[in-house]
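Computed from heavy atoms alone, side chains included, the values below leave out hydrogens, waters and symmetry copies. Proteins come first, then strands; the chains are lettered A, B, ... in the order of their sequence lines, and each starts at number 1.
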Amino acid sequence: DTGVSQNPRHKITKRGQNVTFRCDPISEHNRLYWYRQTLGQGPEFLTYFQNEAQLEKSRLLSDRFSAERPKGSFSTLEIQRTEQGDSAMYLCASSLVPTGLAASYNEQFFGPGTRLTVL
Amino acid sequence: KQEVTQIPAALSVPEGENLVLNCSFTDSAIYNLQWFRQDPGKGLTSLLLIQSSQREQTSGRLNASLDKSSGRSTLYIAASQPGDSATYLCAVEGYQKVTFGTGTKLQVIP
């Protein structure tokens with residue numbers, strides 16, 4: 001399977017615990033995005049990476065959230081001291097924007113998501 | 001701040017009907033607009049990407065148009081089938097950010 005993969009697919013945790021999600025993008029994709037989606041809403045942008053550099057973080061990404069992409073390949077999203085309001089689907093997407101070409105050609109491909117439930 | 005609106009929120013049509021989904025956005029300074037479908041509990045599947053310099057894109061029974069100056073895009077689905085039932089989302093990419101609409105939930109009745 002050469003698509004975007006996310007692990008785990010489901011996570012149930014108790015309030016106050018830390019959780020970490022992993023995203024493996026499509027091979028050679030240089031951009032990686034994290035989104036959060038709650039029921040009945042569209043995905044909300046959290047952050048994105050160009051290779052290993054984190055270029056933008058939404059104000060939704062409080063200091064309890066941190067994302068890394070250490071070698072420009074897979075990425076992790078960690079939530080510390082989880083709250084019930086963190087319950088959502090966390091989606092990862094990747095894309096390839098060739099160097100020197102306009103950012104207008106940036107087709108994102110999504111993984112299946114990680115569903116987080118905080119009790 | 002970019003705001004993306006999709007109308008209608010839900011749509012139910014008989015099989016075989018042609019239909020149009022709408023997406024509007026407030027800031028015309030975009031790089032591209034992408035249409036996705038999402039099945040319940042699943043991730044998003046890319047349908048069409050329209051670059052800012054383009055007016056439309058076609059893939060099979062789908063045709064998407066973009067009018068940047070008026071902040072509108074439409075997704076046209078020809079000869080709808082029950083398998084088209086899903087939520088359709090549009091997303092606009094601007095500088096350093098992607099903004100999604102809330103989606104149109106489509107039901108195609110056999």
How would you list, in number order, the residues of [range] that have a heavy atom less than 4.5 Å from chain B?
range                     : answer
residues 77-87 of chain A : none
residues 6-20 of chain A  : none
residues 36-43 of chain A : Q37(A), G40(A), Q41(A), G42(A), P43(A)

_Given the ring of F74(A), does R69(A) sit roughly above its face, with NZ or CZ under 6.0 Å from the centre of the six-membered ring and within 45° of the axis?_
no
_Please tell me whether F100(B) and F45(A) form a close aromatic pair, meaning their ring centres lie under 6.0 Å apart._
no
*Do Y35(A) and F110(A) have ring centres separated by under 6.0 Å?*
yes
*asked:* Within the 4.5 Å heavy-atom criterion, are Q34(B) and Q108(A) side-chain neighbours or not?
replied: yes
*Are the side chains of I7(B) and T104(B) in touch, meaning some heavy atoms are under 4.5 Å apart?*
no
*Does any heavy atom of chain A fall under 4.5 Å from the side chain of Q96(B), the backbone, both, or neither of them?*
both
*Proximal component of L89(B), with respect to chain A [non-hydrogen, under 4.5 Å]*: side chain
_Testing the 3.5 Å rule here: is there a donor-acceptor pair between the side chains of S52(B) and N32(B)?_
no
_Within the 3.5 Å criterion, strictly below it, is a donor on Q54(A) or T47(A) matched to an acceptor on the partner's side chain?_
yes
*Run the side chain to side chain donor-acceptor pair (under 3.5 Å) check on W35(B) and S46(B) step by step: do they pass?*
CA-CA 6 Å; W35(B) 282 94; S46(B) 176; over 6 Å; no
*Qualifying residues under side-chain contact (heavy atoms from CB on, under 4.5 Å), relative to Q57(B), sequence neighbours excluded*: L48(B), I50(B), Q54(B)
*Using non-hydrogen atoms and a 4.5 Å limit, figure out which bit of L55(A) sits close to chain B: side chain, backbone, both or neither.*
both
*Does the pair D27(B)/K1(B) count as a salt bridge with the N-to-O cut at 4.0 Å?*
no
[X] and [Y]: same hydrophobic cluster, using ILVMFWY side-chain contacts below 4.5 Å?
X      : Y       : answer
F65(A) : L32(A)  : yes
L21(B) : V108(B) : yes
M89(A) : Y48(A)  : yes

*Indicate the ring-plane relationship of F109(A) and H29(A), choosing parallel, tilted or perpendicular according to the 30° and 60° boundaries.*
tilted
*Applying side chain to side chain donor-acceptor pair (under 3.5 Å), run through S95(A) and N106(A) and close with a yes or a no.*
CA-CA 6 Å; S95(A) 67; N106(A) 182 21; 2.5 Å; yes
_At a heavy-atom distance under 4.5 Å, which candidate from K42(B), Q6(B), Q38(B) has the highest pair count against chain A?_
Q38(B)
